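Input: a single structure, listed below in structure tokens.
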Amino acid sequence: MPRENHNACEGSMTENTPEYRYTASMAEQIELAWQDRWEREGTFHADNPSGPLAGEKAEREKFYLLDMFPYPSGKGLHVGHPLGYIATDVVGRFERMRGKNVLHALGYDAFGLPAEQYAIQTGQHPRITTEASIANMRRQLRRLGLGHDDRRSVSTTDPEYVRWTQWIFSQIFNSWFDPTAPNEEGTVGRARPISELMAQFESGERETPDGRAWAELSGRERDSVLSGYRLAFVAEAPVNWCPGLGTVLANEEVTADGRSERGNYPVFKRNLKQWMMRITAYGDRLIDGLDTVEWPEKVRLMQRNWIGRSEGAYVDFHVSGAAGELWTEPLRVFTTRPDTLFGATFMVVSPEHPLVDPAAGVVPQQWPIGTRDAWSGGAGSPAAAVAEYQKRAAAKTDEERADDARAKTGVFTGMYAVNPVNGGEIPIFVADYVLMGYGTGAIMAVPAHDARDHAFAKKYDLDIVETIRPAEGGTDVQEEAYLGDGAVVNSSNAEVSLDGLAKADSIARITGWLESKGLGEGAVTYRLRDWLFSRQRYWGEPFPIVYDSDGVAHVVPDSMLPVDLPEVPDFSPRTYDPEDAGSEPEPPLGRSADWVNVDLDLGDGVKSYRRDTNTMPQWAGSCWYELRYLDPTNDSAFVDPEVERYWMGPRAAGESGGTDLYVGGVEHAVLHLLYARFWHKVLFDLGHLSSSEPFHTLFNQGYIQAYAYVDERGQYVQADEVSGDEASGFTWQGQAVRREYGKMGKSLKNMVTPDEMYAAYGADTFRVYVMSMGPLDLSRPWETRAVVGSQRFLQRLWRNVVSEETGSLTVVDDAPDQETARLLARTITEVSEEMAAMRPNTAIAKLITLNNHLTSLDGVPHEVAEAIVLMVSPIAPHLAEELWARLGHEGSLAYEPWPVVSDASLLVEDTVTCVVQVAGKVRDRLEVPASIGEDELREQALAAPGVVRALDGRGVRTVVVRAPRLVNVVPA
């Protein structure tokens, strides 16, 4: 008699609920007990080949599994957060059962602005807030049953972790990029110790910029020369300065209106001294490395576009009309189309360009003769026009300024540039659509062949000269820019002619001419900018840098690391009048005089130094955590070379190495991945790593989203109190509400926490539901009412092994019948394929089919019960462990071999002969599986050669299918 006869909601408890039914209460007992045992026995500890974490598991094939570094939010987790963590846990458990040594750890990217903001508001030290958030997140994730090696967990705020982050910065600071040196990736260009560059200057192998001997330079002069090469250096950089908050803001912290997201204060563009990372030196290698990793193509494309490699030429324009002839340097631009130089009729510089810096005094006080009415903006002088324009531009974000749809504005600087190919003077404008952070901060404008330049030229009455003409037809460039290719025209002088040449030939010819005249040079540039690496905040890693009395930077010796944060009375930076654009940042660390001013012996006796008062950005700690997981207790190196080689080294010649699987959201597809790859390649070049890429295989999971509901006031209402549907509409307390779909969160009143799911259903049910919602790489809506379906699946599995009434085993020792044996074999094969391909949703569907079949049996064969329990274990590990123990096994099943099909004949389906008719006459016969479905049989019949010949191009009115033995095709 079948044992399946439960019609009531199986997740609820009633007075008639059997004592041994798998309920949320029982699930909690089972889950907590197994979590304690896993921790006690170190079940998920991965072994290193050497060192304190060495063990025999290192003899197995390794599998390094990595989640993107989480930030420990004080709000805790909602049900959308664990999607990726559950997915990687499923993968890790599956790979362990396939005999691999799986390293899976989780740490915390714990420096960050939220804790510091809370400290500013309350006075509570951000470390206290951070550690409380980590403890809560760790509790929530432990309750989920994740198989992490807890010995390897780190936090970026740990003193030892800070020590090695600062050490890595020191390595970068003490390095330079030699573009001519061969690297171990088989290309050219790599990092070298700065000492080797100094040796070149000392020996005279490399000349100093002004030709003097190295020994003749002062310490400050030497430092200035080396800073031009170092991979970490201080430079003037355009930043978002917010006087009202007293800090520099990242672009994402500035609203579209040019105000701070927090506090709504004005934000100004300023050039300030900041730490920079010379990531641009690695542009080519960052692009080339993408061919060695297994990443989604869309992510590789995003990285390539962000790096933005461009080939072209630098061109120098001499400036005339500067006040007092103070400007003697050429105005340098980069262009990908030097072949259009003869059509350059004006130039544009950024409002932040040194040419128009008020301190330089270069902008003239009078309009030159020939100034057109449209150029002045109604101002009394170029200096006044430029100053007013700079003020307006400073209140705009880079995104706003770069928006192509926005109307272009600008003013004439009163100065001209000399076009190097024809000697003509062309006006220089200042316009906010040119950004100082990109290229040289100046462009040559060719309005005949650039839509943006054309619109600007029409607006400001500027000349338009055609230099490219299509082979047929054409465009009146006075009315519209021609953007296509064609033959070059109107492009010759006494020494060089481009007329009639194709694009590639004309670019090569004019570039060669410019180089021969000293007016330019061929070049490769990148959209990628050097990485701004300073923050004027407290809660971050201090720089391991001190300055001597000459202002020369010195790196702190390794023996003095870590440089700890001082205790400060106030965590907030100094703030100013919100409109005081000329104010300067004063970071919180600057107020701790005893910490800032120190006496140190750096090798040449005790001297007085001043510490750097900036802190590193949050990116720093997340650039290398995958390396510290490998060797977290090592106090003599950030990672042992043998350990790194075992877990991340290339498996074969020509490979780049890295983690075996990296899982995280696509929102980190650019910056985090780019910065981490840059740090990794520098460490690789310096000989510290065997892998040239940190993440070999990348998988981007989707998101769990949710419905939110808004009333007529525009206020969010409690989502779990809303009733109705799409057809009848939605109501809350009798009021009509509007449904929205998107994020989940407290402010949207639609947040559901894992803790609620644990209490209502248990962690395993939550895991099964999350994994069954759809493909991992797609987003999906959360539906709490649907979770009960996953609970029913697990309850049926429990009943297939354990009696709900007595708690005793119900399995039998009989061999499975043929139908069960075939279904089991097919399930093992299909679930193995789905799990290997990271498709747990379809694997669960296969397991449900097998489980439902087992409920129809009078007794489940012991060997079948064991097999389904093993296959369920990666997804519902606690329940599987409990059933495995009840089936007579003493140890954990975490390392039990994954089920395999021992009898291949069970996978061979019985076949039958299907007769295929056309208009009632037999035209073909097909050998098909007895279990074939109607749709598949219809497709095979229509493709059969006899049917194709009989139809002879005629259409089909209908197809009558009697699977598996008969198909009749009725022609149209």
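Computed from a predicted structure; not experimentally measured.
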| task | Go through the side-chain N and O atoms of Gln536 and Asn614 and say whether any donor and acceptor fall under 3.5 Å apart. | result | yes
| field | Expected output: side-chain Arg127 to main-chain Thr157 donor-acceptor under 3.5 Å | value | yes
| field | Short side-chain donor-acceptor distance under 3.5 Å, Asp660 and Trp647 | value | no
| request: Return the minimal non-hydrogen interatomic distance between Gln166 and Pro542, and the atom names on each side. | output: NE2-O, 3.0 Å
| request: Take His688 and Trp167 through the test ring pair (Phe, Tyr, Trp, His ring centres under 6.0 Å) and record every step on the way to the result. | output: CA-CA 12 Å; His688 299 299; Trp167 180 86; 5.2 Å; yes
| Yes or no on side chain to side chain donor-acceptor pair (under 3.5 Å) for Ser691 and His680, after CA distance, side-chain angles and deciding distance? | CA-CA 8 Å; Ser691 50; His680 202 92; 2.9 Å; yes
| remark: Nearest heavy-atom approach of Pro72 to Ser133 is O-CB, 3.1 Å
| message | Check whether Asp158 reaches the backbone of Tyr161 with its side chain - one donor and one acceptor, N or O, closer than 3.5 Å. | response | no
| Would you say Tyr64 and Glu626 make side-chain contact, with heavy atoms under 4.5 Å? | yes
| Which heavy-atom pair separates Glu160 from Asn634 by the least distance, and what is that distance? | OE1-O, 4.4 Å
| said: Applying side chain to side chain contact (heavy atoms under 4.5 Å, CB included) to Leu290 and Arg677, what does each step give before you reach the verdict? | reply: CA-CA 10 Å; Leu290 294 171; Arg677 294 178 63 218; 3.5 Å; yes
| Distance-only polar pair, side chains of Gln618 and Arg535, donor-acceptor under 3.5 Å | no
| Sub-3.5 Å donor-acceptor pair from the side chain of Asp149 to the main-chain atoms of His45, do we have one? | no
| Salt bridge check: are Lys681 and Glu693 linked by an N-O gap of less than 4.0 Å? | yes
| query | Would you call Glu236-Lys273 a salt bridge at under 4.0 Å N-O? | reply | no
| Pair Asp288, Tyr282: side-chain N/O donor-acceptor within cut-off below 3.5 Å | no
| field | Closest non-hydrogen atom pair between Asp284 and Tyr526, with its separation | value | OD1-OH, 2.8 Å
| request: Please confirm whether Arg628 makes a cation-pi placement over Phe638, using NZ or CZ under 6.0 Å from the six-membered ring centre and within 45° of the ring normal. | output: no
| task | Classify the ring geometry between Trp539 and His125 as parallel (under 30°), tilted (30 to 60°) or perpendicular (over 60°). | result | perpendicular
| Taking only residues two or more places apart in sequence or in another chain, which ones pass salt bridge (Lys or Arg N to Asp or Glu O under 4.0 Å) with Asp89? | Arg93, Arg767
| query | Under 3.5 Å, is there a donor-acceptor pair between the side chain of Ser218 and the main chain of Glu221? | reply | yes
| query | Taking all non-hydrogen atoms of both residues, which atom of Met648 and which atom of Thr659 are closest, and how far apart? | reply | CE-N, 4.1 Å
| request: Indicate whether any N or O donor in one side chain lies under 3.5 Å from an N or O acceptor in the other, for Ser692 and Glu184. | output: no
| Under 3.5 Å, is there a donor-acceptor pair between the Thr615 and Glu541 side chains? | no
| Minimum heavy-atom distance between Trp275 and Asp612, given as atom pair plus value | NE1-OD2, 2.7 Å
| request: Would you tell me whether Arg222 and Thr208 have side-chain atoms, one donor and one acceptor, within less than 3.5 Å of each other? | output: no
| request: Verify, without hydrogens or angle tests, whether Arg192 (side chain) and Trp176 (backbone) share a donor-acceptor contact under 3.5 angstrom. | output: no
| query | So, Asn48 versus Arg152: side-chain donor-acceptor pair below 3.5 Å or not? | reply | yes
